[in-house]
Amino acid sequence: SLDIRADGCGFSRAISKVRHGTELDVTRRPSDSYRLRGKFFYLRELGADGEPLESPWSATFEPTRHAAPDYAVEQPRPTTLRVTNGRAGIRVETSVTVAASKPVELWSLRLTNLESRPRRVELTSYQELALGDRESCERHPSYHAMHVGTWFVRSLGAIIAYNRKLGSGGKDVTRKHLRRDVAFHAVAADESGRARLVGYEDSRSLFIGAGDLRNPDALENADLRALDDEGLAYTFDPAASLQVHVDVPPHGSVEVRFA
């Protein structure tokens, strides 16, 4: 399930079949009003040479605290939320649906160019990974985080995460096993070629750096990991961020889908 507020803060949780119905947090909870956590998307326009033409803004009010005059939040169905925002001639309509039969969230961001010139928009997702029960994540967050491994797979456009912490086998060591609680964050391939994956990050500390989620270092310094940097990593501070460049034609729209 997805718990999300109108400002974009929230978290995901799931019932684990592997752990016999135990409820697990997939992403980290916003444990207090001063801690920004959620499924966030940053946008900014790029110039012809890829240089940023503006500071990042977000598809939801948080984390950049930007809301267009026509900012709107609506829930057309019990399992769907839609948020509309925009800036400088770019409108973004973000829709998330929790699938009825599978433990997956389907995100769609439709970028519309309101001007008569082509635009290139940098779109960057961000979420902090938990993959554990609430008590473990909140009582010993650093210890818990060191057991979460991430693996970027370029061919899938995905960051896969799993928790290697030993399960509860009691004193019988033969019953202990590696936990198989697995999550992923992915962007769908775009057949039109107007949206292409250009980078990723799986470390919260590297993404935020000396800044904060309102102005993270990874965006300020254009410093995400390259797509050929694949493989398993234990960052001790797991996150999932995918960056896409989107070419939006004059008075046209491009849809980018995440899960």
Side-chain angles (χ1 to χ4, degrees), residues 1-42 58-67 71-85 92-109 123-141 144-145 148 150 158-163 179 181-187 202 204 207-208 212-214 216 237-242 256-259:
S1 65
L2 173 66
D3 288 26
I4 187 170
R5 305 195 307 242
D7 62 2
C9 290
F11 70 101
S12 298
R13 55 187 170 182
I15 303 300
S16 173
K17 291 184 178 180
V18 173
R19 295 181 61 78
H20 310 294
T22 300
E23 183 179 285
L24 299 177
D25 287 358
V26 180
T27 59
R28 300 187 68 179
R29 298 177 182 237
S31 52
D32 60 61
S33 58
Y34 298 100
R35 188 180 297 277
L36 293 176
R37 284 180 179 152
K39 305 288 185 75
F40 299 134
F41 293 90
Y42 298 87
S58 47
T60 52
F61 179 70
E62 296 289 8
T64 63
R65 303 188 68 81
H66 169 73
Y71 184 85
V73 180
E74 54 184 327
Q75 189 172 4
R77 294 184 298 275
T79 58
T80 300
L81 187 74
R82 184 181 300 127
V83 182
T84 303
N85 203 359
V92 56
E93 182 181 280
T94 305
S95 177
V96 56
T97 298
V98 178
S101 58
K102 297 180 180 180
V104 64
E105 298 166 16
L106 304 175
W107 291 78
S108 169
L109 285 86
L123 173 62
T124 307
S125 65
Y126 177 80
Q127 54 189 264
E128 297 177 15
L129 301 173
L131 287 178
D133 61 87
R134 180 177 183 178
E135 182 178 3
S136 298
C137 294
E138 295 188 348
R139 179 174 291 185
H140 305 291
H144 179 83
V148 178
T150 51
I159 296 174
I160 299 172
Y162 80 105
N163 193 322
R179 292 178 60 168
D181 309 315
V182 177
F184 70 93
H185 176 51
V187 60
D202 54 2
R204 171 186 173 276
F207 185 86
I208 297 176
D212 55 28
L213 279 180
R214 294 199 168 100
D237 205 358
S241 173
L242 298 171
V256 186
R257 294 176 291 124
F258 293 85

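Just so you know, these numbers come straight off a predicted model, no measurement behind them.
Contact between Val83 and Ala59 at its shortest, heavy atoms only, is CG1-O, 3.8 Å. The nearest pair of heavy atoms linking Pro30 to Phe11 is CD-CD2, 4.1 Å. Of all non-hydrogen atoms in His66 and Asn85, the two that sit nearest each other are O-ND2, 3.0 Å. Ala240 approaches Ile159 most closely through the heavy-atom pair CA-CD1, 3.9 Å. The two residues Val187 and Leu242 make their nearest non-hydrogen contact at N-CD1, 3.7 Å. Across all their heavy atoms, Ile208 and Asp212 have their closest contact at CG2-CA, 3.6 Å.
Below 30°, between 30° and 60°, or above 60°: for Tyr71 and Phe61 the angle between ring planes is above 60°, a perpendicular geometry. Relative ring orientation between His185 and Phe258 is described as parallel, the plane-to-plane angle staying below 30° on a 0-90° scale split at 30° and 60°.
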message = Go through it in stages, so that I can follow the logic: the residues are Arg134 and Glu23, the test is side-chain contact (heavy atoms from CB on, under 4.5 Å), and I'd like the CA-CA distance, side-chain angles, deciding distance and then a yes or no.
response = CA-CA 8 Å; Arg134 180 177 183 178; Glu23 183 179 285; over 6 Å; no
inquiry  = side-chain contact (heavy atoms from CB on, under 4.5 Å) for Val256 and Phe41? Distances and angles first, verdict last.
reply    = CA-CA 12 Å; Val256 186; Phe41 293 90; over 6 Å; no
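Side-chain atoms of Lys39 and Thr27 form no donor-acceptor pair, as typed in the model, at a separation below 3.5 Å. For Thr80 and Thr97, the side-chain atoms include at least one donor-acceptor pair closer than 3.5 Å. Side-chain atoms of Ser95 and Arg82 form no donor-acceptor pair, as typed in the model, at a separation below 3.5 Å.
The neighbour count for Arg257 CZ, taken as heavy atoms of other residues, nucleotides or ligands under 6.0 Å away, does not exceed 12.
Side-chain contact between Gln127 and Ser12 is absent, with no heavy atoms from C-beta onward closer than 4.5 Å. Contact of the Pro216 side chain with the Tyr42 side chain is registered, since non-hydrogen atoms from C-beta on lie closer than 4.5 Å.
Atom CG in Asp133 sits 10.0 Å away from atom CD in Glu138 (nearest 0.5 Å). Of the inter-residue distances, the one linking Asp3 atom CG with Cys9 atom SG reads 12.5 Å to the nearest 0.5 angstrom. Rounding to the nearest 0.5 Å gives a distance of 11.0 Å between CG of Leu131 and OH of Tyr162. Note that the CD atom of Glu128 and the CG atom of Asp25 stand 12.5 Å from one another [nearest 0.5 Å]. Here CZ of Arg139 is found 14.0 Å from NE2 of His144. Values are rounded to the nearest 0.5 Å. The SG atom of Cys137 lies 7.0 Å from the CZ atom of Arg28; values are rounded to the nearest 0.5 Å.
Applying side-chain contact (heavy atoms from CB on, under 4.5 Å) to Val73 and the options Leu81, Asp7, Ile4 leaves one that passes, Leu81.
Taking Glu62 as the reference, Arg65, Arg214 meet the salt bridge (charged side-chain N to carboxylate O under 4.0 Å, His left out) condition, with sequence neighbours excluded.
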